[in-house]
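For reference, the structure discussed in these notes is given below.
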Amino acid sequence: MLILTRKCGEQIRIGNDIRIQVLDMGKGVVKLGIEAPKNIVVHREEVFERVRETNLAAMEDARSRSMDAALQLWRERKQV
């Protein structure tokens, strides 16, 4: 992890397209402004984790549904 020290108003560049600026600091909170291309997804960590968990649950549900459908089809054919 790169650790940087910045003062209020100072900026950080990531590549040519992403700019992060320290907008405000105080009471244990830092307010950041982030400019990034629209194709770059920017989330707070807790939101990112929630999205990731939701996507994993949806993938697992889709996987189990297809297994349930296959099992159901197998049972139906077995009865014929």
Going by the salt bridge (Lys or Arg N to Asp or Glu O under 4.0 Å) test, which pairs reach into residues 4-17, not counting sequence neighbours?
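Pairs touching residues 4-17 that pass the test: Arg6-Glu10.
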
Residue pairs fulfilling salt bridge (Lys or Arg N to Asp or Glu O under 4.0 Å) with at least one residue in residues 49-61, sequence neighbours excluded
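For residues 49-61: Glu49-Arg52, Glu60-Arg63, Asp61-Arg65.
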
What distance separates Leu71 CG from Arg75 CZ, expressed to the nearest 0.5 Å?
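So the gap between those two atoms works out to 4.0 Å.
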
Members sharing [X]'s hydrophobic cluster (side chains within less than 4.5 Å):
X	result
Ile18	Leu2, Leu4, Ile12, Ile14, Ile20, Val22, Met25, Val30, Leu32, Ile34, Ile40, Val42
Met1	Ile3
Met67	none

Would you find more than 12 non-hydrogen atoms of other residues, nucleotides or ligands less than 6.0 Å from Asn16 atom CG?
no

Does any pair with a residue in residues 31-48 pass side-chain hydrogen bond (donor to acceptor under 3.5 Å, both in side chains), and if so which ones, sequence neighbours excluded?
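Sorted pair list: Arg19-Glu35, Arg44-Glu46.
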
